[in-house]
Amino acid sequence: MPIRLRVFSHCLLLTFALIPRSGTAVPLRAQLDAIFTPLRVQSSALAPDGRHVAFVVHTGNTIELQIFTVGQTAAPVKIPFENDSRAETQFFLWVSSDRLVASTHSTLVTCNASGGALRRVTPPPLSPEWLFHEPRATRPTFRVIQAAPEADSVLLEFTNPRFLDPNDPRIDPDFSSVNITVSRFNLHTGETKTLLEKWVQLPGGAVLVDATGEPRIFFDRGSSPRRFDYRAPGAGASAWRPLDKVLTDHDVFASDITPANLLGHRSIPLGFGADPNLLYFASNLHRDTYGLYQADLSTGKRTAVILEKEVVDLANLDTPWTPSPLIFDRQTKALAGVKVSGMETYTHWFDPEIAAVQAELDRKFPGRTVTLVEWDNSRRYVLFSASSSTDPGRSFLLDRSDGRCTEYLRHAQLAPEDANLSTWFAFDTPSGARLTGYITLPHAAPVKKPGLVVWFHDGPLQRLAPVFQRDAQALAALGLAVVQINYRGSVGFGVRHAEALPDRVDRHPADDAVAVITELAKRYSFAPRRVATMGEGRGGYLALRALQLHPEAFRSAVAINADLDPARPLMSRDQKEYYKFNALDGARKAAARIGGGTNEGSPATTTIDFDLLDPTEFEQSFGARAEPEKAYTLETGAAFRFSREFARLTTAATEKRKTAVDAYPELLTQPVFLLHDPASLSAPVFPVRALRDALKRRKMDPEYFELSPLYAQGDPALRANAFIRIARFINSSFYDFEVKIGETVEKK
Amino acid sequence: MNPSLVRCHLCTAWVNVLSALLLASAISRLPAQSQPSPDVVSLPPLMVEEKGTRLVWRYLATPTQEIISVCDEGTMLAFAKRSHRLDELLEEIVPARFLAAKSGPDINVIFNETFGRARSREVVAEMLQRAGKGGITTGFPSPSGSGDLPGTAPQIRFLPNMRSSDLDSVSVFSIFQDSTDTASHFIFSDERIATLLQERVPRLPDWFISGTVGLFRRTEFGEDQLQVKAASWESTETTAALKKDPNHPRALLSMEELFTRRAPTAGGTPTEIERLWNAQAGLFLRWAVVENKGARRETLWKFVDRLEKEPLTETLFRECFGMGFSDARDRLSDYLPSAIDESIRLKAPKSVPLPRLQIRIATDGEIARLRGAWERMEIGYVREKFPAVVDRYIDQARTTLYRAYDRNDRDPRLLTELGLTEIEAGKSASAREFLEAAVRAQVARPSAYYQLAQLRFDALTAGKAKLTPAQSEEVLAPLLAGRRFEPPLLETYVLMSEVFRLSASPPTPAQLAPLNQGTRLFAHVAALVAKTAAFNVVAGQTATALELIDAGQRAASEPAVRERFQRIREELSASKQ
């Protein structure tokens, strides 16, 4: 064979090889759709008498409740729950043996075990002005805090914005206050009784109640510092006072949150057990990780060390109560266990009987994370799930009388044989950093050593959850190995790891990525010289920044809805680029167009983020063209100041735009793919457009793809389409498919 | 009591008499045969020849069978070919290496249902009357298999076909009409497959036996194909619910439970969990052997092979199947709805033709040996089921066998049968005489060597004295000599250990070598393992003892036994250090 032809045929084979094979009978596109489709099972619940088990189940475009009678072969009772398949279940519980409650942030459904006595609750629509402020919201949000001690009642927390009512003296000049109420809601009659009402600034707050259903702690996220307020049992509505003034030994308890200690040392109240005077709290004062402790609120003293772990925080820094790491026995209200989220999630049980059940199930399901969801009052039945980072898992019911585990529902839409193996890793770098993460390997790699994608999670205050990672699975289905890293600055692994940000917001993650590639290349089969970076939000920023900082290590970068400058709120404020104008008329027009009424008493001015609005809509509303490059953020008030200060601290931005990607377009010398939603709330599009223009001027011509807002909401088809484009882009940066075939020469 | 008689009773525990073949033109099984009413006593048929009407027996030998029959040649040929084909088809479900091996070809005695049946009934009725059981009505099944004659309980019926096996041989009795069609369409019974799996040495895992039998039960064996019918699950209600809704809840055991649970006790009513275990074993075998065109069957069989040498671990399973226990459980769970709904057709392997078969008139020696062997093996079964008539069966066997011996036939196989029959009859002296001669002629029957050794042992230990080295050697010699024939016998090694126990001096490492080897084959017999390990410790072979303890621990069915082995192991390890 002439050499030329041989080369040609070699490349041709390679090209075909890089079109991912599905490896199974399921077509690749169907696999991607299955990966991005919401899990079939969102929540599960076991009735206190053990006679019924219920699930929140995704069925295509809607969500329904399915109620099974334990031990019977009858088909389940099915109750429509939500029409919006993207809605997330916030609360799901049998409040009694014959009363089930399911709730998203906008809908509550309750029924009995046979599906009867159905009641559906939705809050009234938002005022039109609020729609103008946040066009995607239609109703105030609420959450079910917990079952109330009264029969068939729950405690509801409403967050109700009323920011355009200037006649209300409680509203601050920035018009960012929200009204938060806690009510007891009778599931039979629909009657409510208000237990608490508070006005706070955006982004609002949350309430912690004790076992008797009384609101005891209020987390004010809009204050500066962010503060936990406390109220003694039976005290009046005005008896709130800062928790730090109740637990005054600040050597063991200090809960106020400032930008400086957000990632640092502080305490977090977590919950109450049977005794309303005993508070469980997490704290990392004088230690690296959050431990779990107990304090007596009547004496103000810490009373017990419940649990301490050396490498894992026992609290979620961002939303400490949803979900709570504490697990209480439904009947006794005693603390039964604490969830520990390391690279795998497990529960440290204090209840020896439940601990024995856990051990038994761990033996039955080796290699799975067995999560006990609930047990009935007699403890004969235990509802649990068994999952792994490769498999979202299945729901089971253990019958302890004979050890039988009945499988009820598989959570994933993806067939197990199509899942790609995902395993966690951990190692220490020469500089002493403890790096952890997950590597996902394609089960049907198109080449022996597939290329690698380094995925940066969205941060800060984030970490990789030990769950099924859709994005990594999708890339692996497309034939790429994927590594996800808890880079320095990620939370959950102690203060030293989380506080590694100042002045290194970009370099630490990039350096960590290089270290991880070097280490994992020794353990796994991938092409260490064919590595791309990728991420969404802050992760997108890091993907681009890593490419700028380590062009020798990475071939390309993919940035999805990237915020190109982590210090932008500070910079924009300093440069006085906020665009102020008279909003009154615009608000009226917008409200009228949307169909709501107008508010004659609206304020004269406010700050508006133009990028939140469609340009056409903007022009229709305000009668003027938007100048989006002059507006960056909507945030105002204390929350904005908090974020601004936090950004300043974590970027140590002594030098303006020192860490901004768009400040150094000349450093992007490798292929770049920018995917962006022009209406993104969290990442303005104009810097991305500006970067694209700058790169074009440098003859780089980055690939660009405009995303629908539905992408960020997880639309499966949009995600699948985008990832096919991404894989095509990454492969084109790894391999040269343009083979020139010369003239055919006859060989004599 | 005569010690040899005691031994003889012990032997009956190893005799399985089962329905061997299922004769049905539509290739269906007849459950009534394996589940007789408690008021019905099923007896093996008695081949009674009326004086003056001597039956014409024909003889046919194939590589795996010796057949004598009073049927016509066409029926015999059809039977031989079908047997051969069934063996080939069976390999698609379970390889021959997992079935019990025997020392020689199976003996098949094929009777013609038109001969001798009525006469047999009269003879048995007469026997019962003599035994003081008058008034009992005996009966044969009708050709459809359901025709027991009415009468007072207990009724007696004669099984249309039976498979009987002892320590090292198999004999099958079948009644056919003269019909090539019938002889071409029988299939093996579930019990036959179960016995072949259960008697295999080393012992197979229970889940494999149960699963293979379950799979076999769902399989129809045609000439050119196997049709695996839809699987059944633990209960009809759950099966129906799963058929209606593939997402219906289902219980499965963990793979570790599946692999470590023991089979339910035979004869008892299985618990829910035991039913589930049975169903899941069948599902696993189906998934591994049949699903995806049998892509995993070699993997499964390799896994079973490795389990003979390695402990059951998830790592081993993963090395074989490429997935862990939990993944495998999930795969089974996902496969279940289609398994209970699908019928799978497997293309049969091309048949390897038998060598040219020649049917001839059987010699007197062949008739006596083969019929006598069958009749001998009936004895243990009859003694257990209906001892009132056992003497008649013993007489029948002795008559048949002595007929050839009295004509000076000294075929060692005949001598062996005579020896074994004399043991059944409680005649130790003559039994030993026959067996000594058979062993001298190096008969390929390990039971002959073992029984001879046992007779010698009984004689030497009658006074409960310790054995001298020479006496030990006298017993050990036939045991060691018999080891070169299939199948290995547990009795050989149990007796060997008894000899060592009673020897005046402890065994040397060289003497222990064959016992160690045998103990590894029967590692599930905890007492043998413990005893052999102890001999090794005394002989200074602690490492070998530990290895045997490990094997015993792996194979032990009872948790308490496993724990005991663990304690022994720890003590031994400590003493080694």
Side-chain angles (χ1 to χ4, degrees), chain A residues 24-25 40-41 44 52-53 55 57 59 66-76 78 360-370 383 385-388 390-399 401-419 421 423 443, chain B residues 233-261 270-277 279-280 287 291-293 295-296 312-318 321-338:
Chain A
T24 68
R40 283 175 69 210
V41 177
S44 54
H52 295 95
V53 60
F55 300 91
V57 181
T59 58
Q66 293 189 1
I67 304 171
F68 293 84
T69 303
V70 173
Q72 291 187 11
T73 53
K78 296 180 179 177
E360 177 192 344
L361 292 174
D362 286 344
R363 271 197 306 277
K364 284 177 190 271
F365 294 87
R368 293 285 193 271
T369 299
V370 174
L383 181 64
S385 69
S387 62
S388 71
T390 301
D391 177 9
R394 294 155 195 256
S395 289
F396 298 87
L397 187 69
L398 166 69
D399 182 346
S401 68
D402 61 3
R404 169 186 289 240
C405 295
T406 300
E407 177 186 331
Y408 276 83
L409 288 163
R410 183 158 65 86
H411 296 184
Q413 309 280 1
L414 185 69
E417 57 270 26
D418 292 331
L421 181 66
T423 50
H443 70 76
Chain B
W233 196 231
E234 54 171 327
S235 72
T236 49
E237 293 82 14
T238 314
T239 307
L242 278 165
K243 276 186 179 173
K244 200 172 169 188
D245 175 11
N247 293 318
H248 187 79
R250 77 290 306 265
L252 274 89
L253 300 171
S254 71
M255 295 308 282
E256 190 185 359
E257 285 173 289
L258 175 68
F259 291 146
T260 55
R261 247 180 193 279
T271 63
E272 277 189 23
I273 285 287
E274 286 169 342
R275 281 207 305 273
L276 176 59
W277 178 84
Q280 192 169 331
W287 175 76
E291 205 258 345
N292 195 16
K293 297 178 181 169
R296 299 183 199 90
L312 169 72
T313 61
E314 189 182 20
T315 306
L316 172 62
F317 185 84
R318 192 186 295 279
F321 287 92
M323 67 182 81
F325 279 169
S326 295
D327 285 335
R329 194 221 70 91
D330 288 353
R331 297 287 175 91
L332 288 185
S333 174
D334 295 344
Y335 174 55
L336 175 60
S338 54

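Protein chains get the first letters and strands the later ones, always in sequence-line order, with residue 1 at the start of each. These figures come from a predicted structure and were not determined experimentally.
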*asked:* Return the OG1 to CZ distance between A:Thr406 and B:Arg250, rounded to the nearest 0.5 Å.
replied: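 Atom-to-atom, A:Thr406:OG1 and B:Arg250:CZ are 10.5 Å apart.
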*How many angstroms lie between CG in B:Asp330 and CZ in A:Arg410, if you round to the nearest 0.5 Å?*
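Nearest 0.5 Å value for the CG-CZ distance: 8.5 Å.
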Please state whether the side chain, the backbone, both or neither of [X] comes within less than 4.5 Å of a heavy atom of chain A.
{"X": "B:Leu253", "answer": "neither"}
{"X": "B:Ala241", "answer": "side chain"}
{"X": "B:Leu276", "answer": "side chain"}
{"X": "B:Arg329", "answer": "side chain"}

Does any non-hydrogen side-chain atom of [Y] lie less than 4.5 Å from one of [X]?
{"X": "B:Ser333", "Y": "A:Arg394", "value": "yes"}
{"X": "B:Asp327", "Y": "A:Arg368", "value": "yes"}
{"X": "A:Glu407", "Y": "B:Asn247", "value": "no"}

*Any donor-acceptor pair under 3.5 Å linking the side chain of B:Ser254 with the backbone of A:Phe365?*
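Pair absent, no side-chain N/O of B:Ser254 close to backbone of A:Phe365.
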*Where does A:Asp399 contact chain B at under 4.5 Å (heavy atoms): side chain, backbone, both or neither?*
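For A:Asp399, no heavy atom lies under 4.5 Å from chain B.
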*Checking heavy atoms, do the side chain of A:Ala74, its backbone, both or neither come under 4.5 Å from chain B?*
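The backbone, not the side chain.
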*Any pair with a residue in residues 233-244 of chain B that passes salt bridge (charged side-chain N to carboxylate O under 4.0 Å, His left out), sequence neighbours left out, goes on the list, sorted by first then second residue, please.*
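Only A:Arg404-B:Glu234 qualify under salt bridge (charged side-chain N to carboxylate O under 4.0 Å, His left out).
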_Under a 4.5 Å cutoff for heavy-atom pairs, which residue among B:Asp334, B:Thr238, B:Asp245 has the most contacts with chain A?_
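Looking at each of B:Asp334, B:Thr238, B:Asp245 in turn, B:Asp334 comes out on top.
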*Can you see which heavy atom on A:Pro366 is nearest to which on B:Ser326, and at what distance?*
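Shortest heavy-atom contact: O-OG, 2.6 Å.
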*Provide the closest heavy-atom pair for A:Asp402 versus B:Ile273 in the form atom of the first, atom of the second, distance.*
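Heavy-atom minimum between the residues: O-CD1, 3.6 Å.
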*asked:* Going by the rule side-chain hydrogen bond (donor to acceptor under 3.5 Å, both in side chains), which residues pair with B:Glu256 if we only count those two or more places apart in sequence or in a different chain?
replied: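 For B:Glu256, no residue satisfies side-chain hydrogen bond (donor to acceptor under 3.5 Å, both in side chains) once neighbours in sequence are set aside.
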